[in-house]
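To start, the structure under review is shown below, and the notes come after it.
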Amino acid sequence: MFDSKSPVVKVVSYAITGFFVLIIVISFGMPDFISRMGLDQSVIAIVNGEKVDRYDYLRYRDSRFGNMRGDGKMDDMILNYYINDVLLLQEARKTGFYVTDDAVKEYIKSIPGLRDPDTGTLSADRLNYFLERANLSFNDLQKTVRKDLLRERFFQFLRMGVAVPEDEVTAEQVAAVSRAQIKYSFLSTMDLQKTLGEQVRVTDAEVTAEMEKNKKEIKDPKTDRERIRKKLESSKLARLKKEIVDRINAIALRGGSFDEAQAVFRGNVAISRIFKIGENPADDKGRPLSSINASKLFLEEFIQLPLHSSSRVITAESGLYIYTPVLKDIKTDTLPKDSKEQASIASRLEQESIRMLSTNMMQKLYEKSKIIKNLKTD
């Protein structure tokens with residue numbers, strides 16, 4: 001009815017195609033562009049409705065990341081850091097924190113080198129020289145000081161909410177002076193197959209019987225025989241593997257020795273390097289024993305497990321493990337009380353808690369915030 005060579009048909013076809021392309025572009029490629037339309041180029045971002053001045057960002061970038069400038073990817077990362085700072089200050093104000101003008105003035109007066117050594121008062125010449133070297137106006141200085149004070153007071157508030165239990169400090173002290181070592185045995189899946197040998201082998205009769213039993217699975221009898229054989233081998237291996245694991249676990253649960261378990265397990269035996277309680281054991285070459293370290297059985301049972309007694313089996317992708325402590329030197333009666341070491345441990349644990357609290361808080365703030373970036377720093 002319509003001639004496909006008609007100019008009208010072609011124009012309509014192009015128009016329809018263009019319409020759908022436009023929809024796709026708007027849906028996937030233009031939300032950020034649309035959100036930035038009409039933005040003042042002096043604004044680097046809008047964070048929860050607050051305009052972030054481009055000059056403030058550039059000063060932040062140049063003062064803290066001066067050696068990393070010129071890379072577009074780095075600029076985006078630095079902007080994210082700066083936005084985190086904006087979010088933190090917003091949360092501080094929302095929580096009720098503020099900084100008075102008097103506090104800002106007192107802070108500026110305390111900046112080293114701004115006072116006249118003869119009179120002890122703030123020197124206008126020294127202040128102007130300081131501002132010139134820092135490339136700041138006096139208003140910029142006040143704004144920066146206000147942000148710094150607000151940030152510090154908010155973090156001080158967070159620190160007040162962090163308490164390190166005394167028993168946690170004691171546990172860290174114990175770990176710091178402890179010494180431990182394990183003997184372990186590893187049995188890979190390949191070694192397990194070799195050890196079991198004939199017990200895993202599948203006969204032609206077993207393959208035929210399985211194919212007769214599950215005719216619906218058969219598509220090509222010639223190629224399916226090998227697939228069925230491997231399936232039966234895997235099934236046998238899994239059953240025999242479970243039997244070994246159950247036998248070892250039974251030995252471990254009644255307090256049997258590592259040597260008794262190893263006689264059944266028949267893995268490759270090695271001894272770890274000496275490590276502190278809480279550290280990850282490593283092999284004799286210093287490589288982490290990742291499968292043991294990540295095991296709940298090791299993390300929860302190592303301390304209680306008697307020397308030379310077998311653990312239960314640790315199942316990992318690489319194979320099976322069992323282990324036993326051969327050294328556990330844990331001292332609790334010679335710990336110094338109220339010492340510098342104790343204070344240092346308490347301070348470290350406090351800093352770790354504050355860091356974790358701050359990280360979680362910033363992640364939540366970022367996730368629930370509305371942020372529009374306008375990153376053009378050329």
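All heavy atoms count here, side chains included; hydrogens, waters and symmetry mates do not. Start at 1 with the first residue, then count along the sequence.
Relative orientation of the Y321 and Y184 rings is tilted, given thresholds of 30° and 60° on the angle between their planes. Between F97 and F154, the two ring planes are perpendicular [angle over 60°; tilted spans 30° to 60°].
A 6.0 Å sphere centred on OH of Y98 holds no more than 12 heavy atoms belonging to other residues, nucleotides or ligands. The neighbour count for R133 CZ, taken as heavy atoms of other residues, nucleotides or ligands under 6.0 Å away, does not exceed 12.
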- request: Could you go through the side-chain contact (heavy atoms from CB on, under 4.5 Å) check for I83 and V52 one step at a time?
  value: CA-CA 8 Å; I83 288 173; V52 180; 5.8 Å; no
- request: For side-chain hydrogen bond (donor to acceptor under 3.5 Å, both in side chains), just list the numbers for E367 and Q363, CA-CA rounded to whole Å, side-chain angles, deciding distance to a tenth of an Å, and then say yes or no.
  value: CA-CA 6 Å; E367 288 173 352; Q363 183 176 350; 3.3 Å; yes
- request: Apply side-chain contact (heavy atoms from CB on, under 4.5 Å) to the pair K109 and T121, showing each step before the final yes or no.
  value: CA-CA 8 Å; K109 288 179 182 179; T121 58; over 6 Å; no
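Annotation: the span from D125 atom CG to D116 atom CG amounts to 9.0 Å, rounded to 0.5 Å. Once rounded to the nearest 0.5 Å, the distance linking CD of E91 with CE of M362 reads 8.5 Å. With rounding to the nearest 0.5 Å, the separation of OG in S358 from CG in N84 is 11.0 Å. R64 CZ to D62 CG: the interatomic distance, rounded to the nearest 0.5 Å, is 12.5 Å. Note: L127 CG to I111 CD1 = 8.0 Å, rounded to the nearest 0.5 Å. Rounded to the nearest 0.5 angstrom, R355 CZ and N360 CG are separated by 12.5 Å.
Residues L327 and F275 fall into different hydrophobic clusters, defined by Ile, Leu, Val, Met, Phe, Trp and Tyr side chains chained together at heavy-atom separations under 4.5 Å. Under a hydrophobic-cluster definition in which Ile, Leu, Val, Met, Phe, Trp and Tyr are linked whenever side-chain heavy atoms come within less than 4.5 Å, directly or via other members, I271 and I182 are assigned to different clusters. Hydrophobic clustering (side-chain heavy atoms under 4.5 Å, transitive across Ile, Leu, Val, Met, Phe, Trp, Tyr) keeps F138 apart from Y129. Under the 4.5 Å side-chain heavy-atom criterion for Ile, Leu, Val, Met, Phe, Trp and Tyr, Y366 and M356 are members of distinct hydrophobic clusters. Hydrophobic cluster membership is shared by I371 and L365, with clusters built from Ile, Leu, Val, Met, Phe, Trp and Tyr side chains linked at under 4.5 angstrom.
Using a 3.5 Å distance cut-off with no hydrogens or angles, the side chains of S369 and N48 do pair a donor with an acceptor.
A pairwise comparison of heavy atoms in R266 and L187 identifies O-CD1, 3.8 Å as the closest pair. Of all non-hydrogen atoms in K143 and D56, the two that sit nearest each other are NZ-OD2, 3.2 Å. Nearest heavy-atom pair, F298 versus I292, reported as atom, atom and distance to 0.1 Å: CB-O, 3.3 Å. When all heavy atoms of P281 and N293 are compared, the pair lying nearest together is CD-OD1, 2.6 Å. L307 and V326 make their closest contact through CD2-C, 3.7 Å (heavy atoms, listed as atom of the first residue, atom of the second, distance). In terms of heavy-atom proximity, Y107 sits nearest to S110 at O-OG, 2.6 Å.
Checked by atom type and distance alone, the side chain of R54 never pairs as donor or acceptor with a backbone atom of I44 at under 3.5 Å. No donor-acceptor pair closer than 3.5 Å links the side chain of T324 to the backbone N or O of F258. No donor-acceptor pair closer than 3.5 Å links the side chain of D283 to the backbone N or O of S272. Of the possible polar contacts, one joining the E279 side chain to the K276 backbone as a donor-acceptor pair under 3.5 Å is found. No side-chain donor-acceptor contact under 3.5 Å links R159 to the backbone of I354. Here the side chain of N249 pairs a donor or acceptor atom with the backbone of V313 at under 3.5 angstrom. Side chain of T189 to backbone of G319: no donor-acceptor contact under 3.5 angstrom is found. Of the possible donor and acceptor atoms, none in the side chain of R312 sits under 3.5 Å from a partner among the backbone N and O of I248. Side-chain atoms of D329 do not come within 3.5 Å of backbone N or O of R179 as any donor-acceptor pair. Of the possible polar contacts, one joining the R126 side chain to the G113 backbone as a donor-acceptor pair under 3.5 Å is found.
Using a 4.5 Å heavy-atom threshold, the side chains of V145 and L141 count as touching. Within the 4.5 Å cutoff, side-chain heavy atoms of F302 are placed close to those of P325. For the pair F265 and S310, the minimum side-chain heavy-atom distance is 4.5 Å or more. Side-chain atoms of K105 and T100, non-hydrogen and from C-beta on, never get closer than 4.5 Å to each other. Inter-residue side-chain proximity for R151 and L89 is flagged as met; some heavy-atom pair is nearer than 4.5 Å. Looking at M361 and L158, their side chains come closer than 4.5 Å, going by heavy atoms from C-beta outward. Residues Y57 and D75 meet the side-chain proximity criterion, which asks for heavy atoms closer than 4.5 Å. Residues Y323 and L305 have side chains in contact (heavy-atom distance under 4.5 Å, counting atoms from C-beta outward).
A salt bridge does not link K147 to D85: none of the charged side-chain nitrogens sits closer than 4.0 Å to a carboxylate oxygen. For R348 and E352, the salt-bridge test passes: some basic side-chain N is under 4.0 Å from an acidic carboxylate O. Ion pairing of E260 with R247 is absent here, as no side-chain N (NZ or NE/NH1/NH2) approaches a carboxylate O to less than 4.0 Å.
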